[in-house]
Amino acid sequence: MDLIDFLTEMIDLRSFSNLWYWIGLAVLWSSASHWVLGVPFDLIARAGRKGGQVAIDLELAVGVQVRRALHIAESAGNFLIAFVFFVLTVLVLLGFVYGVEFAQAVFLMMCPMSLVGAMNLRTARQIVGLDLSGDALRKLLLRTRLKIQMLGSISIFLTACWGMYQNLLTGAL
């Protein structure tokens, strides 16, 4: 095998038969469930166990992330929604109408991540609307993390099923 064959094998656009795609998918969902509203899960867990300064740090970190998310939603929310729907529509057309496997793979990663973004924004609005702090804030963040993990499990399952179907259809293995 020469260098050109090696590089074309590593940059292969048949995503569902490529190990790097599945590693990327695992890292994507691992990160999404670890960072709820941009706040790491270990900070949420430590705030529940220790309280005190760690709980204050959690509230400060959540406050910063909530204000940031709400500012972005207010200033560029409509544009971002239109852009995300445009990209998702292009990916659906390329992937499922024209049969581009790379577009299918990106869609199966990006569509659920847009739902995670919406869930995080909804959580931010709940925190501000209900003026949550302390245990109530921590419980809402843990509930949001659980919802993200459930969405991730369903998404990984559906992606794996679609990927196996594509691999059997194209005989990529």
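Heavy atoms only: backbone and side chains are in, while hydrogens, waters and symmetry mates are out.
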List, one per line, each side-chain donor-acceptor pair under 3.5 Å for residues 41-50, sequence neighbours excluded.
none

- Report the distance from atom CG of L80 to atom OG of S114, rounding to the nearest 0.5 Å. 12.0 Å

- Does a side-chain heavy-atom distance below 4.5 Å link W22 with T159? yes

- Item | Of all pairs that satisfy side-chain hydrogen bond (donor to acceptor under 3.5 Å, both in side chains), the ones with a partner from residues 83-94, not counting sequence neighbours | none

- Common cluster, L132/V54, ILVMFWY with side-chain heavy-atom separation under 4.5 Å: yes

- Tell me the salt bridge (Lys or Arg N to Asp or Glu O under 4.0 Å) pairs involving residues 56-85, sequence neighbours left out? none

- Task: Name all residues meeting the side chain to side chain contact (heavy atoms under 4.5 Å, CB included) criterion together with I156; count only those two or more places apart in sequence or in a different chain, and write none if there are none.
- Result: L25, W29

- So ring pair (Phe, Tyr, Trp, His ring centres under 6.0 Å) across residues 69-99, not counting sequence neighbours, yields F96-F107, F96-W162

- Do the side chains of M119 and I127 join up, straight or via other hydrophobic residues, at under 4.5 Å, putting them in one cluster? no

- Task: For I56, enumerate each residue passing the side chain to side chain contact (heavy atoms under 4.5 Å, CB included) test, keeping only those at least two apart in sequence or located in another chain.
- Result: Q53, L60

- Query: Closest heavy-atom contact between L121 and A69?
  - Reply: CD1-O, 4.0 Å

Pair up each side-chain donor or acceptor in residues 138-151 with any protein partner under 3.5 Å, not counting sequence neighbours, and list the distances.
unit_1	atom_1	unit_2	atom_2	d
T144	OG1	T123	OG1	2.9
T144	OG1	L140	O	2.9
R145	NE	S33	O	2.8

- Query: What pairs with S153 under side chain to side chain contact (heavy atoms under 4.5 Å, CB included), at least two apart in sequence or on another chain?
  - Reply: none

- Item | S30 side-chain N/O to A26 backbone N/O, donor-acceptor pair under 3.5 Å | no

- Contact list for residues 112-145, test ring pair (Phe, Tyr, Trp, His ring centres under 6.0 Å), sequence neighbours left out: none

- By side chain to side chain contact (heavy atoms under 4.5 Å, CB included), V128 pairs with (sequence neighbours left out) V66, L70

- Same cluster for V90 and V87 if Ile/Leu/Val/Met/Phe/Trp/Tyr side chains link at under 4.5 Å? yes

- When clusters are formed from ILVMFWY side-chain contacts under 4.5 Å, directly or step by step, what else is grouped with F157? I154, L158

- Query: Members other than W35 in its cluster, when Ile, Leu, Val, Met, Phe, Trp, Tyr link by side-chain heavy atoms under 4.5 Å?
  - Reply: none

- What distance do L115 atom CG and M113 atom CE have between them, rounded to the nearest 0.5 Å? 9.0 Å

- Message: Whether the side chain of E101 engages the backbone of F16 through a donor-acceptor N/O pair (distance < 3.5 Å, no angle test) should be reported.
- Response: yes

- Show the numbers, then the answer: is there a side chain to side chain contact (heavy atoms under 4.5 Å, CB included) between L108 and S155? CA-CA 8 Å; L108 290 171; S155 175; over 6 Å; no

- Query: Do M109 and L94 share a hydrophobic cluster (ILVMFWY, side-chain heavy atoms under 4.5 Å, transitive)?
  - Reply: yes

- Query: Does the side chain of P40 come within less than 4.5 Å of H34's, by heavy atoms?
  - Reply: yes

- Query: Any idea which heavy atoms bring Q65 and L37 closest together, and the distance?
  - Reply: CB-O, 3.0 Å

